[in-house]
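In what follows, a structure is listed as structure tokens, so that the remarks can point back to it.
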Amino acid sequence: MKVNGKHYRSLWWVESRGELEIIDQRWLPHDFRIEALTTMQDYADAIVEMRVRGAPLIGATAAYGMALAMAQDPSDANMDKSWDFLDRTRPTAINLRWALNRCREALRPVAEGNRADVALKLAHEIADEDVDICHSIGQHGLALIREIAAKKPVGEPVRILTHCNAGWLATVDWGTATSPMYQAFDAGIPLHVWVDETRPRNQGALTSWELGSHGIPHKYIVDNAGGHLMQHGLVDLVIVGTDRTTRRGDVCNKIGTYLKALAAHDNGVPFYVALPSPTIDWTVDDGVAEIPIEERDAFEVTHVQGLNADGKISTVQVSPNGTQGGNPAFDVTPNRLVTGLITERGVCAATPEGLAALFPEMAKVSG
Ligand SMILES: CSC[C@H]1O[C@H](OP(=O)(O)O)[C@H](O)[C@@H]1O
């Protein structure tokens with residue numbers, strides 16, 4: 001999307017240098033920093049340290065990491081070693097393993113001398129596909145928002161609550177949860193977005209930065225405000241992203257999503273999940289029991305980063321010395337709390353039948 005009027009994707013290939021450039025999201029929303037990934041360690045660090053983050057973007061980054069690996073050493077041994085090295089970076093978003101598996105399956109039958117070119121071409125394809133998928137999710141989500149808008153007095157905004165950042169920064173472009181917002185806004189539908197700050201890494205600040213750049217009215221709120229807003233009829237719709245959705249529609253997403261779904265359910269507020277198909281894990285049924293939840297460094301909870309009075313990015317400790325922090329980074333919302341899944345092929349119920357109807361070729365394979 002646009003940054004100061006200039007279009008960006010969240011990562012891009014620099015042909016002249018044969019390098020991938022990324023937006024280092026650790027410094028947003030206060031500083032827009034671009035960096036090149038030139039070694040396999042750079043790729044792993046970028047994912048682990050959340051310089052790039054968001055399930056689709058992690059997958060696309062890993063695909064370019066495999067391209068670098070094949071350019072360095074196209075042997076089967078190095079392909080497997082690189083697969084393991086990148087797969088170990090973060091455990092929850094299924095797009096990482098989906099992209100690595102897609103690369104390895106495509107490369108295995110290719111002669112070693114051709115693997116570097118094939119791998120780079122595939123990485124480009126995965127990135128471009130993500131842009132198309134997210135745009136399509138936006139089209140289907142736009143129809144939902146339009147339906148709500150039609151029932152409101154002319155000019156009254158559709159009020160959407162979102163959690164974390166499932167924006168263009170979490171994908172290659174458009175975002176998943178934000179794509180319907182961008183497209184509704186561009187279609188002239190009045191919006192107001194409640195943006196959960198999303199402790200501890202405050203990805204809501206990324207969403208606010210994105211929406212602000214696009215001119216979409218929004219308010220940055222504490223994570224615990226959503227239930228109150230819904231009780232007072234101030235939320236028409238919740239749209240969130242996902243890092244892994246099971247074949248029965250259980251949704252794993254940023255920690256705190258489950259609590260929003262409970263509040264939405266209790267207040268009759270539609271709760272939708274923007275779901276690109278690479279984020280569906282067809283091998284898993286029960287999300288709570290089967291999805292690995294990343295436990296990140298407690299430092300992210302005991303400390304917070306922001307802009308100090310001098311306008312410098314700094315980090316301060318918010319908890320007492322010696323207090324231990326706990327930092328599960330995701331939770332799982334059972335499908336019974338999900339109103340619907342907005343995929344690139346349309347909107348479906350969060351059920352095995354709903355997903356199988358939109359993706360029969362995948363449901364068949366998963367058995
Ligand atoms: C479109 S995927 C966005 C998804 O990823 C985020 O996690 P993280 O920032 O830790 O990579 C969050 O769960 C978002 O909903």
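Predicted model only: the values in this text are computed from it and were never measured. Positions are given from 1 along the sequence. One-based numbering, in listed order, for ligands and for the atoms of each.
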Check: Looking only at heavy atoms of D243, does any of them come nearer than 4.0 Å to an atom of ligand 1?
Finding: yes
Check: Is there a nitrogen or oxygen of R90 sitting under 3.5 Å from a nitrogen or oxygen of ligand 1?
Finding: yes
Notebook entry, point to check: If you measure from each heavy atom of T242 to ligand 1, is any distance below 4.0 Å?
Noted result: yes
Check: Side chain, backbone, both or neither: which part of M50 has a heavy atom under 4.0 Å from ligand 1?
Finding: side chain
Note to self: Quick check: N253 and ligand 1, any N/O pair under 3.5 Å apart?
What the structure shows: yes
Item checked: NE2-CD distance between H303 and Q317, expressed to the nearest 0.5 angstrom -> 4.0 Å
Note to self: Quick check on N165 - does any of its heavy atoms sit under 4.0 Å from an atom of ligand 1?
What the structure shows: yes
Next item on the list: Please verify whether a non-hydrogen atom of E294 lies at under 4.0 Å from ligand 1.
Entry: no
Next item on the list: Have a look at M181 and tell me which of T207, I160, D186 forms a side chain to side chain contact (heavy atoms under 4.5 Å, CB included) with it.
Entry: I160
Next item on the list: Give a yes/no verdict on whether any heavy atom in R201 is under 4.0 Å from an atom of ligand 1.
Entry: no
Margin query: Assess whether a salt bridge exists between D31 and K312, defined as any Lys/Arg side-chain N lying under 4.0 Å from an Asp/Glu carboxylate O.
Written below: no
Notebook entry, point to check: How does A93 reach ligand 1, if at all, at less than 4.0 Å between non-hydrogen atoms: by side chain, backbone, both, or neither?
Noted result: neither
Next item on the list: Let me see the working for S75 and D73 under side-chain hydrogen bond (donor to acceptor under 3.5 Å, both in side chains), right down to the final yes or no.
Entry: CA-CA 6 Å; S75 67; D73 168 0; 2.9 Å; yes
Note to self: If you measure every N or O of Q203 against every N or O of ligand 1, does any of those distances drop under 3.5 Å?
What the structure shows: yes
Note to self: Between R108 and D76, does any NZ, NE, NH1 or NH2 come within less than 4.0 Å of an OD or OE carboxylate oxygen?
What the structure shows: yes
Margin query: Any heavy atom of A329 closer to ligand 1 than 4.0 angstrom?
Written below: no
Check: Can a cation-pi geometry be assigned to K254 and F330, taking NZ or CZ under 6.0 Å from the six-membered ring centre and within 45° of the ring axis?
Finding: yes
